[in-house]
Amino acid sequence: MIKAITGTRDILPSDIPKWKYLENVVSNVFANFNYKEIRTPVFEETALFARGIGEATDIVSKEMYTFLDRSETSVTLKPEMTAGVVRAFIEHSLDKKLSINKLYYISPMFRQERPQAGRFRQFHQFGAEALGSNDPMLDAEMIIMAYDIFKQLGLKNLIVKINSLGVPESRENYKLILKKYLQNHFDQLTQESKKRFETNILRIFDSKEEQDQKIMENAPLLIEHLDNDSLEHFDKVKQALLASCIPFEVDPKLVRGLDYYSHTTFEVVSGSVGAQSSLCGGGRYNLLVKELGGGDVPGVGFAAGMERILLACENEKTLNLGEEKIDLYIVSLDKNLTYFAFQTAINMRRSGLSVETDYLARSVKAQMREANKLNAKYVLFIGGDEFLKGQVVLKNMTGSEQNNFAKDDLNKITDKIRGS
RNA sequence: GUGACCAUAGCUCAGCUUGGUUAGAGCAUCUGGUUGUGGCCCAGAAGGUCAUGGGUUCAAGUCCCAUUGGUCACCCCA
């Protein structure tokens with residue numbers, strides 16, 4: 001038997017309602033904030049991600065689905081959306097059409113990691129990007145949108161973490177200071193962190209190893225070495241969050257894995273999922289557009305993992321989706337009337353009702369059980385004495401009362417069903 | 001990429017420790033419980049090469065090994 005590839009999974013009809021529900025909440029919130037949907041290809045030239053996300057990042061160096069197509073072009077299934085959106089933004093000169101572009105997306109992503117709770121190789125993210133302004137209000141807007149979506153889904157157990165990475169100059173200065181500090185404690189670092197010392201020194205803050213954490217407790221913090229502009233920017237973000245009733249904590253150790261961030265970074269974590277508890281992450285990236293060949297356009301954005309969000313919703317039991325119903329089930333009382341039943345079903349469907357009928361020539365009892373299972377609001381009986389008199393019988397499945405109608409007067413039947 | 005745990009019906013699981021006739025249950029499915037009416041209830045049916053391959057043994061779902069797949073955690077991220 002051929003099975004779905006490791007880390008991928010089917011979203012079955014029984015799963016669809018919660019996905020649709022989530023997608024609706026997401027697109028409604030984004031619409032309220034005037035973000036416009038954008039859809040970009042699922043695969044791009046590999047170079048886009050290498051340049052945009054950063055060669056040294058884990059995503060690019062070991063997680064991408066990269067292959068040569070038949071024309072020997074290296075292509076990659078998108079591991080995240082920002083690079084693609086920025087590419088489209090540049091390619092179509094969107095900055096010439098609008099001074100600020102506020103964009104959102106809902107899309108599958110691909111990363112070749114070992115699956116675990118809340119992590120898949122094909123997973124889904126929604127997210128937003130605002131391109132064209134360095135206003136800290138937009139940084140705050142991202143966090144507010146994400147938080148509002150989570151709240152509308154009924155999630156509690158949330159922590160909003162924010163930090164500022166400042167601008168590259170102050171960050172580079174700080175890295176030297178941190179390097180100096182760590183050189184004095186180098187021997188006590190774990191093997192992993194010794195590697196990070198070379199590749200991405202800030203990430204040592206992320207280490208879960210106790211011996212690393214002990215050293216990092218007393219390490220100088222980036223936030224204490226920010227330039228004045230960056231501090232002011234960060235203050236405005238915090239004020240905006242306070243004014244919008246977003247509870248947050250400043251986490252000076254929050255360092256994001258992607259190269260393109262500057263200024264604000266943030267993350268929302270949930271205590272209701274497994275170890276992969278980050279529901280969304282994002283930040284400002286004022287240098288990315290230029291890096292990818294566009295103009296000097298600042299940007300800010302975030303992405304949220306939909307599987308993790310749904311997992312949190314399930315664990316907190318926040319979604320109570322109503323049962324799926326159909327308007328009408330058509331029962332044939334006589335086997336030779338199934339064709340008439342089918343034609344009636346087609347006509348009723350065309351008039352806008354959700355209608356099902358029997359295709360297995362089953363007994364009336366079996367048809368009724370089916371109607372019940374499908375939560376049919378009404379059942380229409382076709383056949384028997386009434387049919388000989390030119391009538392059909394409509395039964396209300398909640399109250400059980402029945403009414404006769406002329407078999408050709410479908411409008412009356414439709415009105416009756418609609419009226420309830 | 002590393003580690004731990006797991007694999008019996010469509011689903012959730014019992015049986016494995018102490019190998020021994022036809023491998024069970026609940027839910028789901030299907031059929032029936034009088035002529036043409038659901039839910040509840042009752043009766044019955046169908047559904048398993050016990051993940052795959054090898055080994056030990058008179059005998060393996062049960063013990064051992066390998067493979068594959070899954071789960072969770074690390075790394076990292078959404």
Side-chain angles (χ1 to χ4, degrees), chain A residues 1-7 9 12 14 53 56-64 78-82 106-127 146 150 190-193 195-196 199-200 203 206-209 254-258 266-270 273-282 301-312 329 331-335 337 360 362-388 392-402:
Chain A
M1 181 177 53
I2 297 175
K3 297 208 267 188
I5 285 176
T6 300
R9 43 178 213 173
L12 297 173
S14 55
I53 301 170
T57 60
D58 280 28
I59 292 180
V60 173
S61 64
K62 57 183 201 191
E63 294 170 4
M64 293 206 302
K78 58 186 175 190
E80 58 102 58
M81 192 72 174
T82 304
I106 300 175
S107 172
M109 307 291 164
F110 306 85
R111 290 181 202 173
Q112 189 162 359
E113 300 178 86
R114 273 289 265 282
Q116 76 187 71
R119 166 183 290 165
F120 303 93
R121 289 185 174 183
Q122 175 173 347
F123 59 103
H124 298 79
Q125 289 185 335
F126 65 80
F150 297 151
T190 57
Q191 220 37 45
E192 270 302 311
S193 290
K195 247 189 275 168
R196 292 190 185 111
T199 54
N200 192 345
R203 299 215 63 88
D206 277 351
S207 174
K208 288 171 188 167
E209 299 293 335
L254 176 66
V255 180
R256 312 240 79 240
L258 287 62
F266 70 93
E267 191 172 281
V268 180
V269 299
S270 165
V273 295
Q276 305 307 316
S277 58
S278 171
L279 298 190
C280 82
F302 81 97
M306 298 172 80
E307 280 82 358
R308 285 180 193 179
I309 290 166
L310 288 175
L311 186 62
Y329 189 94
V331 169
S332 312
L333 298 175
D334 304 324
K335 298 269 186 278
L337 289 174
L360 296 168
R362 296 204 284 188
S363 68
V364 174
K365 187 193 192 79
Q367 292 182 67
M368 285 304 288
R369 281 184 171 157
E370 185 73 10
N372 192 59
K373 200 164 60 190
L374 295 172
N375 286 315
K377 294 179 207 158
Y378 284 87
V379 161
L380 188 68
F381 293 103
I382 288 175
D385 299 340
E386 290 88 345
F387 196 78
L388 294 177
V392 290
V393 179
L394 185 69
K395 171 172 180 160
N396 184 325
M397 289 294 275
T398 46
S400 291
E401 75 273 10
Q402 304 193 168

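Excluded from the calculations below are hydrogen atoms, water molecules and symmetry mates; all remaining heavy atoms, backbone and side chain alike, are included. Each chain gets a letter, A, B and so on, in the order its sequence line appears, and its residues count up from 1.
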Between A/C280 and A/F150, does the side-chain contact (heavy atoms from CB on, under 4.5 Å) criterion hold? Intermediate values first, please. CA-CA 10 Å; A/C280 82; A/F150 297 151; 4.0 Å; yes
Side-chain donor/acceptor of [X] to backbone N/O of [Y], under 3.5 Å:
| X | Y | answer |
| --- | --- | --- |
| A/E307 | A/H124 | yes |
| A/Q276 | A/Q116 | no |
| A/R121 | A/P115 | no |
| A/E80 | A/M109 | no |
| A/R362 | A/Q367 | no |
| A/R308 | A/L279 | no |

Using a cutoff of under 3.5 Å, can you pull out all pairs of nitrogen or oxygen atoms linking the protein to nucleotides 39-44 of chain B, with atom names and distances?
from: B/G39; atom 1: OP1; to: A/R369; atom 2: NE; distance (Å): 3.4
from: B/G39; atom 1: O4'; to: A/N372; atom 2: ND2; distance (Å): 2.9

I want to check something: taking the side chain as every heavy atom from C-beta on, are [X] and [Y] in contact at a cut-off of under 4.5 Å?
| X | Y | result |
| --- | --- | --- |
| A/S107 | A/Q125 | no |
| A/Q402 | A/F381 | yes |
| A/I106 | A/M306 | yes |

Distance between [atom1] atoms of [N] and [M] (Å, rounded):
| N | M | atom1 | value |
| --- | --- | --- | --- |
| B/G39 | B/C30 | P | 12 Å |
| B/U18 | B/A60 | C1' | 15 Å |
| B/A28 | B/A66 | P | 41 Å |
| B/U17 | B/G61 | C1' | 14 Å |
| B/G38 | B/U49 | C1' | 40 Å |
| B/C16 | B/G20 | P | 8 Å |
| B/U62 | B/A7 | C1' | 14 Å |
| B/C6 | B/C63 | P | 11 Å |

Write down the partner of [N] under the Watson-Crick or G-U wobble criteria, each distance required to be under 3.5 Å.
| N | result |
| --- | --- |
| B/G44 | B/C30 |
| B/U2 | B/A73 |
| B/A66 | B/U52 |
| B/U17 | none |

Aromatic ring pairing A/F266/A/F302, orientation class (parallel under 30°, perpendicular over 60°, tilted between): tilted
Touch class at under 4.0 angstrom, heavy-atom based, for [X] against every strand present:
| X | answer |
| --- | --- |
| A/E80 | nothing |
| A/L279 | sugar-phosphate |
| A/A371 | nothing |
| A/A376 | nothing |
| A/G127 | nothing |
| A/R9 | nothing |
| A/F120 | base |
| A/D385 | base |
| A/G384 | base |

Nearest to side-chain heavy atoms of [X], which nucleotide of [options]:
| X | options | result |
| --- | --- | --- |
| A/F123 | B/C74, B/C75, B/A78 | B/A78 |
| A/V393 | B/A78, B/A73, B/U37 | B/U37 |
| A/R308 | B/C30, B/G69, B/A78 | B/A78 |
| A/M368 | B/U37, B/U2, B/U29 | B/U37 |
| A/V364 | B/G69, B/G1, B/U37 | B/U37 |
| A/E370 | B/U71, B/A73, B/C30 | B/C30 |
| A/E63 | B/A73, B/G69, B/C76 | B/C76 |

Think [X] has a side-chain N or O under 4.0 angstrom from the OP1 or OP2 of [N]?
| X | N | value |
| --- | --- | --- |
| A/Q116 | B/A73 | yes |
| A/K3 | B/U52 | no |
| A/T57 | B/C76 | no |
| A/R119 | B/C72 | no |
| A/Q276 | B/C76 | no |

Sole residue of A/N375, A/L374, A/L380 in side chain to side chain contact (heavy atoms under 4.5 Å, CB included) with A/Y329: A/L374
What's the [atom1]-[atom2] distance between [X] and [N], to the nearest Å?
| X | N | atom1 | atom2 | value |
| --- | --- | --- | --- | --- |
| A/Q367 | B/U31 | CD | C1' | 14 Å |
| A/I53 | B/A78 | CD1 | P | 9 Å |
| A/L374 | B/G38 | CG | P | 16 Å |
| A/M306 | B/A78 | CE | C1' | 11 Å |
| A/I2 | B/G69 | CD1 | P | 14 Å |

Starting at the 5' end of RNA chain B, which residue's closest nucleotide do you reach first, A/G305 or A/A4? A/A4
Closest-nucleotide 5' rank along RNA chain B - winner of A/Q112 and A/G274: A/Q112
All heavy atoms of A/I59 vs all of A/M64, minimum pair found to be O-CG, 3.1 Å
Strictly under 4.0 angstrom, non-hydrogen atoms only: write out the protein contact profile of nucleotides 7-12 of chain B, one letter per nucleotide from the 5' end, B, S or -. ------
With the criterion set at under 5.5 Å between ring centres and under 30 degrees between planes, would B/G36 be stacked on A/F381? no
Between B/G70 and A/R114, counting only base atoms on the nucleotide and side-chain atoms on the residue, is there a donor-acceptor pair under 3.5 Å? no
